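Below you'll find the structure, written out as structure tokens, and then a few comments.
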Amino acid sequence: MDHDPVTGFLVYAGFRSSLARELSRARREHRSLTLGLVSVGGWEAYLSEKGPAAADKVIRQIAAFFEDGCRDFDTTGRYSPSIFSIIFPGLSVDHGVGVVSRILGGVLKKTASVKGAESLVLRAAVAGYPHDASTTERLMEIAEASLFKTVDAKSGDVARWTEET
């Protein structure tokens, strides 16, 4: 199963394969690539309180909002039950921060109208090739580290990898 049955997004293994393919293409074509990770904070509590049917409905709506904010050739994934992932081919990290910020703003605005979803908090991080990493594993590792740092800090900004992260 390559796709999540709730969102239709690629599951972790399929997403990782797509990232490796896109990274290989970026190397060959001497282009940038940005990986974005978005955490849906409060997801486990929402699932526990509202139940699987309501939680699936909300996550499906959030996924649709993400899809609306992406280009046709961007790749979306469900990295984990509470983390979405997006591959932005040809996008530098600087531009990736702006795009992810714009998408998050749109998702937050739309999510505000979803009953019960006001308890969910979105936090994001980006990492890019060639600026931050040159391998799939390292790109994923630093994107995760940046995401966990912004989640722990409860920051509303899109986190970007730095050596201090």
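No hydrogens, no waters, no symmetry mates; every other heavy atom, side chains included, goes into these values. As the structure is a computational prediction, the values presented were derived from the model and not from experiment.
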Arg71 CZ to Ile86 CD1 distance, which is reported to the nearest 0.5 Å: 10.5 Å
Heavy-atom pair with the smallest gap, counting every atom of Phe9 and Ala63: CZ-O, 3.3 Å
Point-to-point distance, once rounded to the nearest 0.5 Å, from CG of Asp94 to NE2 of His131: 7.0 Å
N/O donor-acceptor pair under 3.5 Å between Ser48 side chain and Glu44 backbone: no
Check: Leu91 main-chain N/O paired with Thr34 side-chain donor or acceptor under 3.5 Å: yes
Nearest non-hydrogen partners of Thr150 and Ala124, listed with the distance: CG2-O, 3.6 Å
Approximate separation, where rounding is to 0.5 Å, of Lys149 NZ and Ile142 CD1: 13.0 Å
Full working for side chain to side chain contact (heavy atoms under 4.5 Å, CB included) between Ser85 and Leu37: CA-CA 5 Å; Ser85 48; Leu37 296 180; 3.6 Å; yes
Closest non-hydrogen atom pair, Thr75 against Ser18: CG2-CB, 4.1 Å
Straight-line distance of Leu10 CG to Leu19 CG, nearest 0.5 Å: 11.0 Å
Val93-Met140 co-clustered via ILVMFWY side chain contacts under 4.5 Å: no
Check: Ala13 main-chain N/O paired with Ser17 side-chain donor or acceptor under 3.5 Å: yes
Any donor-acceptor pair under 3.5 Å from Arg123 side chain to Ala153 backbone: no
Path from Val40 to Leu147 over hydrophobic side-chain contacts below 4.5 Å: no
Side chain to side chain contact (heavy atoms under 4.5 Å, CB included) between Ile103 and Cys70, intermediate numbers included: CA-CA 8 Å; Ile103 290 172; Cys70 292; 4.1 Å; yes
Parallel, tilted or perpendicular: rings of Tyr79 and Phe15 (30°, 60°): perpendicular
Same apolar cluster (I L V M F W Y, side chains within < 4.5 Å links), Ile83/Phe65: no
Residue list, salt bridge (charged side-chain N to carboxylate O under 4.0 Å, His left out) with Glu22, at least two apart or on another chain: Arg25
Student check: side-chain heavy atoms of Val126 and Phe88 closer than 4.5 Å: no
Smallest separation among heavy atoms of Ala125 and Ala143, with atom names: CB-O, 3.8 Å
Point-to-point distance, once rounded to the nearest 0.5 Å, from CZ of Arg31 to OG of Ser92: 12.5 Å
Ile59 vs Arg78, side chain to side chain contact (heavy atoms under 4.5 Å, CB included): CA-CA, chis, key distance, verdict: CA-CA 10 Å; Ile59 210 76; Arg78 192 155 182 205; 3.8 Å; yes
Residue pair Ala133 / Arg138: nearest heavy atoms and the distance that separates them: CB-CG, 3.5 Å
For the student: nearest non-hydrogen atoms of Leu139 and Leu35, plus distance: O-CD2, 3.9 Å
Shared hydrophobic cluster for Val6 and Tyr12 (ILVMFWY, side-chain gaps under 4.5 Å): no
Ser24 (side chain) donor-acceptor with Ala20 (main chain) under 3.5 angstrom: no
Rounded distance (nearest 0.5 Å) linking atom OG1 of Thr7 with atom CZ of Phe66: 11.0 Å
Shared hydrophobic cluster, Phe148 / Leu122 (ILVMFWY, side-chain heavy atoms < 4.5 Å): no
For Arg60, side-chain hydrogen bond (donor to acceptor under 3.5 Å, both in side chains) partners two or more places apart: none
